[in-house]
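These notes concern the structure reproduced below.
The figures that follow rest on heavy atoms only: side chains count, while hydrogens, waters and symmetry mates do not.
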Amino acid sequence: MKLVHAIEGLSLWVGRAFGWCIMILTLSVSYEVFVRYVLNNPTVWAFDMMIQMYGALFLMCGAYALAQDTHVRADVLYRLFPVKVQASLDFVLYFLFFFPGITALAWYGYEIASDSWRYKEVSFNSPASIQIYFFKSLIPVAGVLLMIQGFAELIRCVIAMKTGKWPERLADVQETEDLLTEADISELQKIHPGKT
């Protein structure tokens, strides 16, 4: 589990670091709205910068979402299976779908990024000619981070197949819905001790 938690720690750190893109995105949109509609003096760089911030957030937080088990999953039947069946199914699906897709992302992302660096590519949407080769470099990096986190998920699957219990994940922020559910359960336990 030390290796799994070390990989999760990396994914959490990268996700938290790139989570600041939300703040930059919010401030830049607010600034652009103010200068465009109040001062009647729009910027030439804000649109491209917003696209790059959102893209960076989307790419670099994928491993974070996988580490926190927050990816969207069609689990109508899956959640009804015993843990050993869930782990076996996940293990097989990682090899059938996840790793081939992520390998393609890293491989072709590297080609896209290297071409972009070679041409010193700039945005064709922007009159400011904003460079985008830095941004495109995140594509293969995201692929590698997802691959590393996928390896940690495989180890989790093996542990769950052996023990019948999913190993604990490193704790981070929780969804409001989960916090409310925990609060409801806590209140029910106070009212009806021993029943949940």
Side-chain angles (χ1 to χ4, degrees), residues 7-76 97-98 101-150 153 169-184 187:
I7 293 170
E8 280 182 7
L10 173 66
S11 297
L12 291 179
W13 183 84
V14 171
R16 289 176 189 153
F18 278 85
W20 285 99
C21 291
I22 294 171
M23 182 66 80
I24 297 167
L25 193 56
T26 302
L27 292 173
S28 62
V29 169
S30 300
Y31 175 78
E32 177 63 18
V33 167
F34 178 76
V35 298
R36 178 178 297 258
Y37 295 107
V38 175
L39 303 178
N40 197 25
N41 187 21
T43 65
V44 294
W45 52 266
F47 178 72
D48 284 308
M49 198 270 305
M50 287 181 243
I51 288 174
Q52 289 187 27
M53 286 294 110
Y54 180 72
L57 178 68
F58 181 79
L59 282 168
M60 299 306 290
C61 291
Y64 172 90
L66 187 58
Q68 291 293 292
D69 194 29
T70 57
H71 279 286
V72 175
R73 175 185 296 191
D75 63 351
V76 175
F97 298 107
F98 180 82
I102 296 305
T103 301
L105 176 70
W107 183 273
Y108 291 110
Y110 173 77
E111 289 181 5
I112 289 167
S114 65
D115 286 346
S116 186
W117 274 91
R118 187 171 35 255
Y119 304 136
K120 300 294 186 212
E121 186 176 6
V122 296
S123 173
F124 64 88
N125 291 324
S126 171
S129 295
I130 292 177
Q131 298 136 343
I132 58 175
Y133 45 92
F134 297 109
F135 170 69
K136 287 193 174 181
S137 299
L138 296 178
I139 300 169
V141 172
V144 169
L145 286 171
L146 278 163
M147 204 171 295
I148 293 168
Q149 184 59 45
E153 296 301 314
R169 293 184 180 275
L170 291 180
D172 200 35
V173 295
Q174 284 185 284
E175 295 283 339
T176 305
E177 179 182 330
D178 294 338
L179 291 171
L180 291 173
T181 301
E182 288 174 10
D184 290 343
E187 286 299 315

Does some side-chain heavy atom of M147 sit less than 4.5 Å from a side-chain heavy atom of L105? no
If you round to the nearest 0.5 Å, how far is CD of E8 from CD1 of I148? 13.5 Å
Out of curiosity, M53 CE to D48 CG, how far, rounded to the nearest 0.5 Å? 11.5 Å
Whether over 12 other heavy atoms sit under 6.0 Å from Y133 OH: yes
Residues that F134 engages under ring-ring contact (aromatic ring centres under 6.0 Å, His included), provided they are two or more places apart: W117
Do L145 and L10 come close enough that some side-chain heavy atom pair is under 4.5 Å? yes
Can you tell me how far OH of Y31 sits from CG of L39, rounded to the nearest 0.5 angstrom? 8.0 Å
Under a 4.5 Å cut-off applied to non-hydrogen side-chain atoms, are Q52 and I130 in contact? yes
In terms of heavy-atom contacts, S28 and M49 come closest through CB-CE, 2.9 Å
Closest non-hydrogen atoms of A142 and L59, given as atom of the first, atom of the second and distance, are CB-O, 3.4 Å
As an exercise, state the distance from OG of S11 to CG of L170, rounded to the nearest 0.5 Å. 9.5 Å
Would you say that L12 contacts Q68 through its side chain, given a criterion of any heavy-atom pair below 4.5 Å between the two side chains? yes
Give a yes or no on whether the backbone of I22 and the side-chain of T26 come within a donor-acceptor separation of less than 3.5 Å. yes
Look up atom CD1 in I139 and atom OH in Y108, then write down how far apart they are to the nearest 0.5 Å. 14.0 Å
With a cut-off of 6.0 Å (strictly less than), are more than 12 heavy atoms of other residues, nucleotides or ligands near OH of Y110? no
L27 atom CG: more than 12 heavy-atom contacts under 6.0 Å: yes
Of the non-hydrogen atoms in A63 and L146, which two are nearest, and what is the gap between them? N-CD2, 3.5 Å
For V144 versus A106, what's the shortest heavy-atom pair and its separation? N-CB, 4.3 Å
What closest approach, in Å, do K136 and A113 show between heavy atoms, and which atom pair accounts for it? O-CB, 3.5 Å
Contact summary for Q149 and I7, nearest pair of heavy atoms: OE1-CG2, 3.5 Å
